[in-house]
Amino acid sequence: MQINSDTTTPEPARPGVDFIRARIQEDNASGRFGGQIHTRFPPEPNGYLHLGHAKSICLNFGVAREFGGLCNLRFDDTNPTKEEVEYVESIREDVRWLGGDWQDREFYASNYFEQLYAYAEQLIQIGKAYVDDLSADEIREYRGTLTEPGRESPYRNRSVKENLALFRRMRAGEFPDGVRVLRAKIDMASPNLVMRDPTLYRIRHAEHHRTGNAWCIYPMYDFTHCLSDSLEGITHSLCTLEFVNNRELYDWVLDTLGVYHPQQIEFARLNLTYTVLSKRKLIQLVKEGHVRGWDDPRMPTLSGLRRRGVPAAALREFCARIGLARADSIVDYSMLEFCVREHLNAHAPRVMAVLDPVKVVIENYPEGQVEEFQMPYHPETPSYGSRKVPFSRELYIERDDFRQDPPKKFHRLSPGAEVRLRYAYFITCREAVLDEAGNVLELRCVYDPQSRGGQSPDGRKVKGTIHWVSAAHALPAEVRLYDHLFAVESPNTAPDGKTFLDNLNPDSLRVVRGMLEPALAEGKAGRTLQFERLGYFCKDRDSSPELPVFNRTATLRDTWAKLEKKGT
RNA sequence: UGGGCUGUCGUUCAAUUGGCAGGACGGCGGAUUCUGGCUCCGUUAAUCAAGGUUCGAGUCCUUGCAGCCCAGCCA
């Protein structure tokens, strides 16, 4: 099977721009940033990337590309107790897979620790930061509530000299965790809680995955992020809505320090039906073993989707279609499925496999005879080439393609009915051999030699075309059939006493033993194929030479199933 | 309860900035078909509410209502 693997294609241009691109155009028109555009994708390496990150990656790298600018990859690694190199590596791989190209601009907030520290001292020097001895609990108490203003810490008015000395001693490791913090001196009565003297630095005697034990004080997000953006010359700092409140502080830090000031713009994060997209919950699913790891094909992680067989291009298309706005929204899962099918329909080679086999014996076909039929990998794209598929007297077909008592409009096999075996012959079912319980053991059929290749010899129509595999040549395989990880549309909402885990779908994984056409013996993992009439499947890395393993990426749309369901 | 953000077909994003509410997904119906796939055609369905300004309001004003975010030494 010599077919090019999935390549990176830019998402198609769309008419009409979203509010962020509109603002960037305005900034360009006014020359605000000298016409330059520079964005960044700033993940914290404390988990694997998921669909929500895909939205951000497509936005940040997309905007940079469209406006002739650059996009940095920056690891927001300021919390050594939660971050790991494993995550850094997976993030790098996932961003690259999605098509993000940061060239040599791979940055780490931890690279700026020295610089950040200098800024902190500067803040102290100008009387805008102080060392507080209050405990975490006391700070919370002093912060006030949503409706009441906070109170100033008794340590708020220490002298610059004392603050400096204390802060240096914090850095030097003279204090244990939690006894002191550095705080910005802003306004304890601000209606925006973020501005009530936010913590800038905390003491953490912990080993950092990059800086090792060089530091025992670590800067907080609000202090780090804006300054990292500033240091990198970011023009537009795009983040999700929950940071709207933080923008006031973002602006305050930069203006107070008098440094270059990027523009933060917030957009609504992605939500998907039947899916959880919170890092905390995804970590829980992995750590508690509800799934088989971060790249379990049922996970909404990029590595899970990749292993499931979803092409990166389908994800890019998805991100382009869901749009960008400031209103909270929950995208229909069917939108994702549509993008996956759309891409795979155009690109996936067609092969045949039977997942629930029932034997067919063609009584008038010579015993021991084997023919080979040349079948195209993609009927609409001849350049995909073709392969030979063996045909013989005994075949497997899908159990579901036969009915002893066919319902109305059933176009498949039943006693006396004629169907086409895809690319092979017309066959007519003479009888079904049943066991006492009525289960089909074997179908006795006859074929029409004149219909060779699946052509109608006399213009007569057959109602259906079904797929098949020659029994003697069939390749057994394990096939993993996936369904939504969660059984309900909104897994995050659980009744009292229940959690999102109670919404887990017990049938999200079904494993079956299928029979594949022999050409599938050679395929490598990675390329997603269509098993004709069934869906899209992708060889899994769990495959062994003895037993290939396939993941179902998505089913085909099944109008018959819908029709039949309506009938019952 | 304080502050901030947001309300448009079932879902999601638009609406030339005050001028016939449009697209995509989904649903429904049909055509076509050697995949009950794909493709094609048709169809369905919305401006949170109430007032006001205006020849004209999704857009402007007023008053409500609803949802989301913020009280980490997480990001």
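First the proteins, then the strands, lettered A, B, ... as listed; each starts at 1. Every heavy atom of this structure was used, including side-chain atoms; hydrogens, water molecules and symmetry mates were not.
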Within this structure, what is the [atom1]-to-[atom2] distance between [X] and [N], rounded to whole angstrom?
X: A:Glu248; N: B:C5; atom1: CD; atom2: C1'; value: 14 Å
X: A:Leu249; N: B:A71; atom1: CG; atom2: P; value: 13 Å
X: A:Glu337; N: B:U12; atom1: CD; atom2: C1'; value: 16 Å
X: A:Leu344; N: B:U35; atom1: CG; atom2: C1'; value: 15 Å

(request) Take nucleotides 24-30 of chain B nucleotide by nucleotide from the 5' end and write B, S or -, depending on whether a protein heavy atom sits under 4.0 Å from the base, only from the sugar-phosphate, or from neither. (result) SSSSSS-
(request) Using heavy atoms to find the nearest nucleotide of RNA chain B for A:Ile322 and A:Val181 separately, return the residue whose nucleotide is more 5′. (result) A:Ile322
(request) Using the closest heavy atom to pick a nucleotide of RNA chain B for each, name whichever of A:Phe531 or A:Glu148 lands nearer the 5' end. (result) A:Glu148
(request) Both distances under 3.5 Å, Watson-Crick or G-U wobble: on that basis, could you give the dot-bracket string for RNA chain B, with [ ] for crossing pairs and | for other-strand partners? (result) .((((((..((((.....[..))))((((((.......))))))...(((((..]....))))))))))).....
(message) Is it the case that the side chain of A:Ser490 and the backbone of A:Asn492 share a donor-acceptor pair, with hydrogens and angles ignored and the cut-off at 3.5 Å?
(response) no
(request) Look at the side chain of A:Val244 and decide which nucleotide, out of B:C70, B:C73, B:C5, has an atom nearest to it. (result) B:C5
(message) For B:G37 and A:Arg533 - does any side-chain N or O of the residue sit under 4.0 Å from the phosphate oxygens OP1/OP2?
(response) no
(request) Identify whether any heavy atom of A:Arg196 sits under 4.0 Å from a base atom; if not, whether one sits that close to sugar-phosphate; answer base, sugar-phosphate or nothing. (result) nothing
(request) Please measure how far the C1' atom in B:U63 lies from the corresponding atom in B:U53, and state the result in whole Å. (result) 15 Å
